[in-house]
Amino acid sequence: MKYFFLSEGWAVSRVWASDGLWQITAWRRQPDIQQLNICLIENNELLWLYRVEDAILTVEVKPTTPVPVQNTIGQVVLKRLMTAEQVIERLGTAQAKCQLQNIQSVT
């Protein structure tokens, strides 16, 4: 599995695998991308942890609400997804505060 953090208010758009843009007809399914119940809070911004299957190489993300072009970025392509070890290291940094939703699902 691979992971990435995504700011609240952003959503996954297009996805790429080793053979190019993810084609639902070729794979016969949607890509496996799951938002986990773990987020970081940095500078009053929520960063949600997402898990993706190993076949995914690149993920494009976009804001969920339209915003004026001059005020924000329109889309971002994530090319360097994280390993589980990198996520644990990131969660352990002093600059981040980790928050769990629904603690019963973790225990």
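What you see is a predicted model, and the numbers here were worked out from it, not measured in a lab.
Here the closest heavy-atom approach between residue Ile24 and residue Gln30 is recorded as CD1-NE2, 3.1 Å. Here the shortest heavy-atom pairing between Lys2 and Ile56 reads NZ-O, 2.9 Å.
In this structure, the side chains of Val15 and Ile33 come closer than 4.5 Å at one or more pairs of heavy atoms. Looking at Leu47 and Leu6, their side chains never come closer than 4.5 Å, going by heavy atoms from C-beta outward. Put simply, the side chain of Pro31 does not reach to within 4.5 Å of the side chain of Val52, judged on heavy atoms. The shortest distance between side-chain heavy atoms of Val76 and Trp10 falls below 4.5 Å.
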Step-by-step side chain to side chain contact (heavy atoms under 4.5 Å, CB included) determination, Leu57 to Leu81: CA-CA 7 Å; Leu57 298 178; Leu81 302 176; over 6 Å; no

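Interatomic distance, CH2 of Trp48 versus CG of Asn37, reported as 6.5 Å (0.5 Å rounding). Taken to the nearest 0.5 Å, the CG atom of Leu78 stands 8.5 Å off from the OG1 atom of Thr58. To the nearest 0.5 Å, atom CZ of residue Phe5 and atom CD of residue Gln86 are 10.5 Å apart.
Under the 4.5 Å side-chain heavy-atom criterion for ILVMFWY residues, no single connected hydrophobic cluster contains both Leu40 and Ile88.
Listed by chain and number, the residues in a ring-ring contact (aromatic ring centres under 6.0 Å, His included) with Trp22 are Trp27 (sequence neighbours excluded). For Glu45, there are no salt bridge (Lys or Arg N to Asp or Glu O under 4.0 Å) partners two or more places apart in sequence or in a different chain. Contacts of Glu89 classified as side chain to side chain donor-acceptor pair (under 3.5 Å), with partners at least two apart in sequence or in another chain: none. Partners of Leu36 under the side-chain contact (heavy atoms from CB on, under 4.5 Å) rule, at least two apart in sequence or in another chain, are Tyr3, Leu49, Arg51. Contacts of Glu60 classified as salt bridge (Lys or Arg N to Asp or Glu O under 4.0 Å), with partners at least two apart in sequence or in another chain: Arg14. Contacts of Tyr50 classified as side chain to side chain donor-acceptor pair (under 3.5 Å), with partners at least two apart in sequence or in another chain: Gln35.
With hydrogens and angles ignored, the 3.5 Å screen pairs a side-chain donor or acceptor of Thr64 with a backbone N or O of Gly9.
Other members of the cluster containing Leu21 are Trp16, with ILVMFWY side chains joined at under 4.5 Å, either directly or via other members.
Pairs engaging residues 18-34 under the salt bridge (charged side-chain N to carboxylate O under 4.0 Å, His left out) rule: Arg29-Glu53 [sequence neighbours left out].
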